[in-house]
Every structure is written in structure tokens, then in C-alpha cells.
Amino acid sequence: MALREGAEGLEGGLVGRHDEPALKALRAFAEGQRAAGVTATEVPADRLADLEPHLAPGLAGGFHYPQDAQVQPAQAAARLLAASGAALHLGEEVTAILRGPTGAVRGVRTGRRELLAPAVVNAAGTWGGEIARLAGVHLPVLPRRGFVLVTEPLPRIVRHKVYAADYIADVASGSAALQSSAVVEGTPGGPVLIGATRERVGFDRSLSTEALRRLAAQAARLFPVLADVQVLRAYHGFRPYLPDHLPAIGPDPRVPGLHHACGHEGAGIGLAPATGVLLAAALTGAEPPLDPAPFRPERDHGPADVPTQEQQS
């Protein structure tokens with residue numbers, strides 16, 4: 001989950017559910033979040049309107065996550081790069097992972113130059129599997145396409161980032177078929193953002209009217225006031241999906257000097273700080289602040305449907 005905490009009038013995340021059995025599942029999920037140190041407050045049905053006046057009536061209840069916060073990924077990356085003082089070579093495709101006589105990494109080759117280094121970090125997102133292949137190892141990162149709708153500018157209709165409970169199940173699902181669950185978020189500029197869909201169709205960039213239709217219908221079900229609002233545009237992207245829903249973080253024992261930081265699916269920006277800490281510990285030989293074993297790149301990632309060549313093009 002990602003929201004601005006207390007900024008621009010937004011007040012964390014709210015997960016709601018229409019029926020009591022699903023609300024029990026939300027309670028179990030919230031307990032797991034609390035065990036990890038996250039604040040989660042149950043909101044009874046008759047108090048949901050206090051948090052979201054335009055929310056549809058009839059919900060069984062929900063959970064408020066006041067610590068949900070948001071960062072603008074492009075600005076965050078730009079500022080971190082500027083602060084690091086690192087040399088940048090933008091727009092250059094990596095065509096080879098250079099390896100020495102012992103098989104250890106010694107740098108990368110791009111279309112313009114060779115960059116020598118004793119360690120290479122594969123942080124290529126959805127293309128992490130391709131970078132791994134350049135090094136001669138298998139990492140089953142697959143693209144998982146998602147669409148977002150952007151409405152016309154509106155008054156402050158949505159105060160939180162509001163999730164239908166189905167969103168949690170969709171994130172954890174391994175299905176390749178189209179899945180959609182309403183995630184509705186207001187913005188400081190006025191437009192409301194409506195997601196989220198998930199489907200594994202390779203790198204197919206075509207517009208899916210079915211995905212957009214589902215998003216619009218589900219958002220209107222959650223917020224009836226949005227039923228007559230104009231949608232100005234839609235955009236999509238590809239989440240880096242690994243079959244067991246855990247990222248690959250850390251050194252790859254199959255290729256000394258190769259490190260991975262990919263496969264976070266839709267949580268990459270939120271997990272970036274912790275990923276960086278784990279990588280820094282691996283690169284410097286320091287003690288990691290948490291057990292990195294679940295994220296081992298060489299682990300068994302489980303079965304996955306591999307897109308056809310036509311889908312990947």
C-alpha cells in the first residue's frame with residue numbers, strides 16, 4: 001500500500017469489504033500486519049462514512065492503515081541519484097555481463113562502452129530475467145500488466161487510498177488471467193486514480209477495454225459518486241512478477257559478483273529502502289538487519305506460465 005501520510009489532506013489507507021466472511025479474512029490479514037509493527041484499526045460499518053463520506057453504503061466494515069504513505073518514484077530516484085554522486089549512462093542497453101577467467105563478474109558491456117566493476121546489481125525490474133540470462137542464470141521474472149484510469153479533476157471526493165478487499169487476494173494470486181479489484185485514490189491536483197488490474201500477457205502493450213470497463217464498474221460500486229465522472233485517460237505498465245511473490249534480493253552464488261534486486265511486482269518503490277539495506281550489507285560483508293534467506297535469487301520460485309514468444313514481443 002502506498003499513500004501520502006497526512007499530506008495534501010490524505011489520511012492513509014482504507015480497506016473495505018461488502019460481506020462478513022471476507023471481513024474475517026481482513027481481520028486475519030490485519031493481525032499479520034500488526035505482528036510486523038503496522039498500525040491497523042478496525043472500522044465498523046457505521047463508522048466508515050466518518051472516514052469516507054462518499055463510500056457506498058452496505059459495506060460490512062473495514063480497516064484503516066494510518067501509516068500508509070506515498071512517494072513519487074521518479075522524483076525519489078532522481079534525488080537519490082543526485083545525492084549519491086554516481087556516474088550515469090542513460091539510454092544505454094546492457095548487451096553483456098562481462099566475466100573473468102574464473103566466471104566472476106567483472107562489469108558490463110553496453111552499446112557504447114564497457115564498464116568495469118567487481119559487482120553488478122541487476123535492478124532491471126520487469127527485464128530482470130533478461131539481465132540474468134546475460135549472466136547465464138535463470139531468474140523467472142515475468143511481466144504482469146496493469147491499467148490505471150485517470151478521471152477529470154474533482155473536488156475532494158476521496159480522502160484515503162481506498163482498497164476493495166479483493167485487491168489483497170489479487171496480489172497474492174498466481175493466475176495469469178485478468179484480475180481486477182478497485183483501488184481508488186484522490187490526488188492533490190483533483191483527478192482520481194482508479195486501479196488495479198493484473199494479468200500476465202507478456203509485454204503486450206495493447207489497450208484492454210475489458211480491463212478498463214471492469215475498473216470503472218468496480219470504482220463506481222465502491223464510490224457511486226464516480227459513476228458519472230469523465231475518465232480523461234488511462235495508462236498501463238508491467239510489474240516484475242516472480243511466481244512465489246517474493247523479490248530476488250542479494251548475491252547470486254551461481255555467478256560470483258552478480259547481485260539481484262528485482263521481482264518486487266507492484267511493491268518495488270515501497271520495498272526499495274529495505275532492499276537497498278540488504279544489498280549494502282551483502283556488498284560490504286556487514287550483518288544484514290533481517291534474514292535474507294527468503295529472497296535468495298537461486299531459490300525454487302515455483303511454477304509459472306511462461307508467455308509465448310508472440311506475447312513477449
Side-chain angles (χ1 to χ4, degrees), residues 1-2 5 32-39 65 67-88 94 97 99 103-108 115 117-144 171-172 238-302 304:
M1 302 177 185
E5 182 181 358
Q33 296 290 292
R34 292 190 186 110
V38 176
T39 300
Y65 290 83
Q67 296 166 312
D68 270 8
Q70 187 179 61
V71 64
Q72 213 293 336
Q75 289 187 13
R79 294 188 183 188
L80 287 170
L81 284 169
S84 72
L88 299 180
V94 173
I97 303 293
R99 300 172 67 176
V105 162
R106 64 180 187 89
V108 300
L115 297 168
V120 168
V121 177
N122 172 18
T126 310
W127 294 268
E130 177 60 32
I131 296 299
R133 281 191 289 274
L134 292 178
V137 296
H138 177 61
L139 192 64
V141 180
L142 297 173
R144 205 176 189 192
V171 172
F238 298 98
R239 306 176 184 91
Y241 166 90
L242 280 167
D244 61 359
H245 302 285
L246 290 177
I249 304 173
D252 192 322
R254 298 167 294 185
V255 181
L258 178 64
H259 297 251
H260 298 283
C262 57
H264 297 74
E265 202 174 338
I269 190 64
L271 297 178
T275 299
V277 169
L278 285 176
L279 280 175
L283 288 165
T284 61
E287 184 70 23
L290 70 156
D291 182 9
F295 316 113
R296 298 188 323 275
E298 79 281 10
R299 70 183 186 271
D300 180 4
H301 297 272

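The chain is numbered in sequence order, starting from 1.
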Which heavy atom of [X] sits nearest to which heavy atom of [Y], and what is that distance?
X	Y	value
L139	A132	CB-CB, 3.7 Å
L242	G263	CD1-CA, 3.8 Å
A135	V255	O-CG2, 3.6 Å
P273	I269	CD-O, 3.9 Å
P243	P140	CD-O, 3.7 Å

Open item on the list: Taking side chain to side chain donor-acceptor pair (under 3.5 Å) as the definition, give me every residue that meets it alongside T275, ordered by chain and number, with sequence neighbours left out.
Closed with: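 Checked T275 against side chain to side chain donor-acceptor pair (under 3.5 Å); matches are H264.
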
Open item on the list: Among residues at least two apart in sequence or on other chains, which ones pass side chain to side chain donor-acceptor pair (under 3.5 Å) with Q72?
Closed with: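 If we apply the side chain to side chain donor-acceptor pair (under 3.5 Å) test to Q72, skipping adjacent residues, there are no hits.
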
Open item on the list: Going by side chain to side chain contact (heavy atoms under 4.5 Å, CB included), name the residues that satisfy it together with A272, two or more places apart in sequence or in a different chain.
Closed with: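 Per chain and number, A272 pairs via side chain to side chain contact (heavy atoms under 4.5 Å, CB included) with no residue.
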
Open item on the list: Run the side chain to side chain contact (heavy atoms under 4.5 Å, CB included) test against A267 and tell me which residues pass, sequence neighbours left out.
Closed with: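 Applying side chain to side chain contact (heavy atoms under 4.5 Å, CB included) to A267 gives L271.
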
Distance-only criterion, 3.5 Å: show the donor-acceptor pairs between side-chain atoms of residues 76-84 and protein atoms not counting sequence neighbours.
unit_1	atom_1	unit_2	atom_2	d
S84	OG	L81	O	2.7
S84	OG	A86	N	3.1

Working to the nearest 0.5 Å, report the span between [atom1] of [X] and [atom2] of [Y].
X	Y	atom1	atom2	value
H138	R133	NE2	CZ	8.5 Å
E265	T126	CD	OG1	9.5 Å
L246	R299	CG	CZ	5.5 Å

Task: C262 vs I131 side-chain heavy atoms within contact, under 4.5 Å - done: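 C262 does not reach I131 side chain to side chain.
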
Kindly list each side-chain donor-acceptor pair under 3.5 angstrom involving residues 283-297, sequence neighbours excluded, with atom names and distances?
unit_1	atom_1	unit_2	atom_2	d
T284	OG1	A280	O	2.7
D291	OD1	A293	N	3.0
R296	NE	E298	OE2	3.3
R296	NH1	A293	O	3.1

Task: Q33 (side chain) donor-acceptor with V38 (main chain) under 3.5 angstrom - done: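 Judged by distance alone, no pair lies under 3.5 Å.
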
Open item on the list: Test: side-chain hydrogen bond (donor to acceptor under 3.5 Å, both in side chains). Region: residues 251-260. Which pairs qualify, not counting sequence neighbours?
Closed with: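 For residues 251-260: N122-H260, D252-R254, D252-H260.
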
